[in-house]
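A, B, ... follow the sequence lines: proteins, then strands. Residue 1 opens every chain. None of these values were measured; they are calculated from a predicted model.
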Amino acid sequence: MASSPVARVAGRIAVPVLGLFWLAVTTVPFLFMVMTSFKSQQESFSSSVWALPEALDLVNYRSVLEGPFLTYFKNSVMVVVISVVLIMLISAMAAFAFARMRFRFNDALFGLIVAGMIVPIHITLVPIYLMTRQMGLYDSQFALIGPYVATSLPISVFILTEFMRQIPKELEEAARLDGCGPFAIFFKVFLPLSGPGLSTIAIYNGIMLWNEFIFAYVLTSSTGTRTLPLAIWDYQGQYTANIPAILTVVTLTSLPLVVAYAFGQEKIVKGMMAGSLKG
Amino acid sequence: MTSITLSGVNKSFGANFPVIRDVDLTIEDGEFCVFLGPSGCGKSTLLRMVAGLETGYTGQIRIGDRVVDKVEPADRQVAMVFQNYALYPHMTVYDNMAFGLRQAKTAKDEIDRRVQEAARILQIEALLDRMPKALSGGQRQRVAIGRAIVRQPKVFLFDEPLSNLDAALRVHMRAEIATLHRNFPAASMIYVTHDQTEAMALADKIVLLHAGKDMLKHGSIAQVGKPLDLYHRPRNLFVAGFLGSPTMNFLEATFVAQEPVGARVVLKSGEELTVPVDGSTLAAGAPVTLGVRPEHLAPVVGPAPQTLTRKVSAVEHFGEYSFVYLEGGTSAPLIAKVPGDGGVKAGDSATYAAPADCCHLFDADGIALNHI
Ligand SMILES: Nc1ncnc2c1ncn2[C@@H]1O[C@H](COP(=O)(O)OP(=O)(O)OP(=O)(O)O)[C@@H](O)[C@H]1O
Ligand SMILES: [Mg+2]
């Protein structure tokens, strides 16, 4: 690419400046959240918003953890893990069929599933609520799994189908010559080779579902069945003005994602890129 | 019995014009058969049909005395080596070779014995624990062959197995494949290539395929035979021009008369030559094409019968031999491949003998006239 020296210097300055700016935009609220969670209610009112906490006071954490927080946490983990596993399995199988099998309506069906991405979940709320009631699943954690899986499938199938189309045809043929039927080809060749694609959808959907609010709000009602995003909502009512307590809940809720990111950063970034770069 | 028979095989993709037409072919027990032809002539397609990877053809394919048209690839007792090797990237070399046997529920110690044996033959024992991405091209090639060997197939299928290797390694692996064939005398081999050197070096039998108009007119197979048969007795212009490098010189000529020793023809440039073929079906004055290979043109001094005299337009020296480019009479220059430096330079006039035995004559349809 030809570029003038001026443009090059400008670029060399602009990129880090914009990067720092964006870093500030994203970390400032985060720092505010963590710092405030260590302050007492009084301190949060009296001190400046940006003042460091006077002491590392864990009182908020203690009171939050003594409440039903752990139940919410457990529910979240369960719902998200089961949903993500189901999403990976179902979308991988569907993607294999779309990417590798020839059948009538292959393209039409794929188009239809991908079109599911443009349906706003809000218009499905009432029917899903009614269906859940009729199935007797209302106010149980399992009520969430169905809608979670269903709404995550279009994008997941889309990503994995593109991914599997990149796997060389010869590998499939070699497997056929080695005596594999469609199931063995899927489980022994395509599934292991789709690792980066699968981690992309696991991470993407895991984050989305960990933070999911609307379905959880509509389909569950009691403390024993609700998930973390609703906990924040609940605490907001319970601690009306106790901002440090609410921010403690938020901190604790985002902690697993932060930890996961810190340890899996490389994998996550690779996973996100996997669809675009030929592995 | 591991002969392979294709009878009346035709194949087209979708509504397109046919890719394979009227193939009747028998590959004998233990024979090394090479499918040769220009790009896109359907070599791979034909090979994949034998493997069972390509269906939807008409005609019949038999392996041994079994009709395999409806038999799954894995049950045909064939093993295939792909051009890009197609090793499973997530498995070690050992597992790559063992995979097919495990699928077939072979006993563990039997699998181990066969994998070790194949590794020994191919000298890849030290690589068994590596992943494919940690191998060089030549090593991957060996693993791909190893994966074929362990299955103890009746038929080995190779689709351009050497085309991803560099020139030196290609010659080396070519020799190894020849050795492999000697080590498994009972198995038949079909080997696809577009490299005539590979074909000449390896084949017991060459199946030369052609594409496009020729294929529509004469069927996919241009000629089948031993390498030297195709070289010395090409059946038509396509075969004559495809084999040999540089390619055969073609000169337009007119048929004069048939004599006991052969057909007498006169070139556009006036020389009269006799070619020992049976031209009795031709009328005097019929247009024909004379073919003579560059390596058969021998320098002579002075005008003599059965010679061509031309102006030299360029000379290329290769040390051991030289290419002398001669102008006149044809659209493409005539080439003579002569020993040493050829003794001529651009601008000279030079005379070359076209020995009668080495001349070919093709009729107006491009079909070779039979030698007498
Ligand atoms: N799946 C397919 N669908 C449509 N056309 C195809 C398909 N596979 C091959 N063809 C066509 O069939 C013809 C023969 O293909 P094939 O791969 O057998 O050629 P080839 O002789 O192996 O050529 P190369 O030397 O380039 O590998 C080509 O014209 C190709 O475009
Ligand atoms: Mg090919």
Report, as yes or no, whether the 6.0 Å neighbourhood of atom [atom1] on [X] holds more than 12 heavy atoms from other residues, nucleotides or ligands.
| X | atom1 | value |
| --- | --- | --- |
| B:M131 | CE | yes |
| A:F142 | CZ | no |
| A:L18 | CG | yes |
| A:F103 | CZ | yes |

Practice prompt. Might you point out which heavy atoms bring A:A174 and B:A86 nearest each other, and give the distance in Å?
Written response: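 Closest pair (atom of A:A174, atom of B:A86, distance): CB-O, 4.0 Å.
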Worksheet item: So which part of B:L101 gets closer than 4.5 Å to some heavy atom of chain A, the side chain, the backbone, both or neither?
Response: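 For B:L101, there is no contact with chain A at all, as no heavy atom is under 4.5 Å.
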Worksheet item: Hey, which of B:A79, B:G100, B:G52 has the most heavy atom pairs under 4.5 Å with chain A?
Response: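 Winner by heavy-atom pair count: B:G100.
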Worksheet item: Who wins among B:P73, B:A104, B:P153 for the most heavy-atom pairs under 4.5 Å with chain A?
Response: B:P73
Fill in: Heavy-atom side-chain contact between B:L53 and A:L177 under 4.5 Å
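Yes. Closest side-chain heavy atoms under 4.5 Å.
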Worksheet entry | Pairs touching residues 79-93 of chain A that satisfy salt bridge (charged side-chain N to carboxylate O under 4.0 Å, His left out), sequence neighbours left out | none
Dump the table of donor-acceptor contacts under 3.5 Å between chain A and chain B, or return none if there are none.
| unit_1 | atom_1 | unit_2 | atom_2 | d |
| --- | --- | --- | --- | --- |
| A:E170 | OE1 | B:N84 | ND2 | 3.4 |
| A:E173 | OE1 | B:R48 | NH1 | 2.7 |
| A:E173 | OE2 | B:R48 | NH1 | 2.8 |
| A:E173 | OE2 | B:R48 | NH2 | 2.9 |
| A:A174 | O | B:Y88 | OH | 3.4 |
| A:A175 | N | B:Y88 | OH | 3.2 |
| A:L177 | O | B:R151 | NH1 | 2.9 |
| A:L177 | O | B:R151 | NH2 | 3.0 |
| A:D178 | OD2 | B:Y88 | OH | 2.8 |
| A:K188 | O | B:H90 | NE2 | 2.8 |
| A:K188 | NZ | B:Q103 | OE1 | 2.7 |

Result block: side-chain N/O donor-acceptor pairs under 3.5 angstrom for residues 143-157 of chain A, not counting sequence neighbours:
| unit_1 | atom_1 | unit_2 | atom_2 | d |
| --- | --- | --- | --- | --- |
| A:Y148 | OH | A:E212 | OE1 | 2.7 |
| A:T151 | OG1 | A:P147 | O | 2.8 |
| A:T151 | OG1 | A:Y148 | O | 3.3 |
| A:S152 | OG | A:Y148 | O | 2.7 |
| A:S156 | OG | A:S152 | O | 2.7 |
| A:S156 | OG | A:N205 | ND2 | 2.9 |

Fill in: Which residues share a ring-ring contact (aromatic ring centres under 6.0 Å, His included) with A:F110, sequence neighbours left out
A:F98
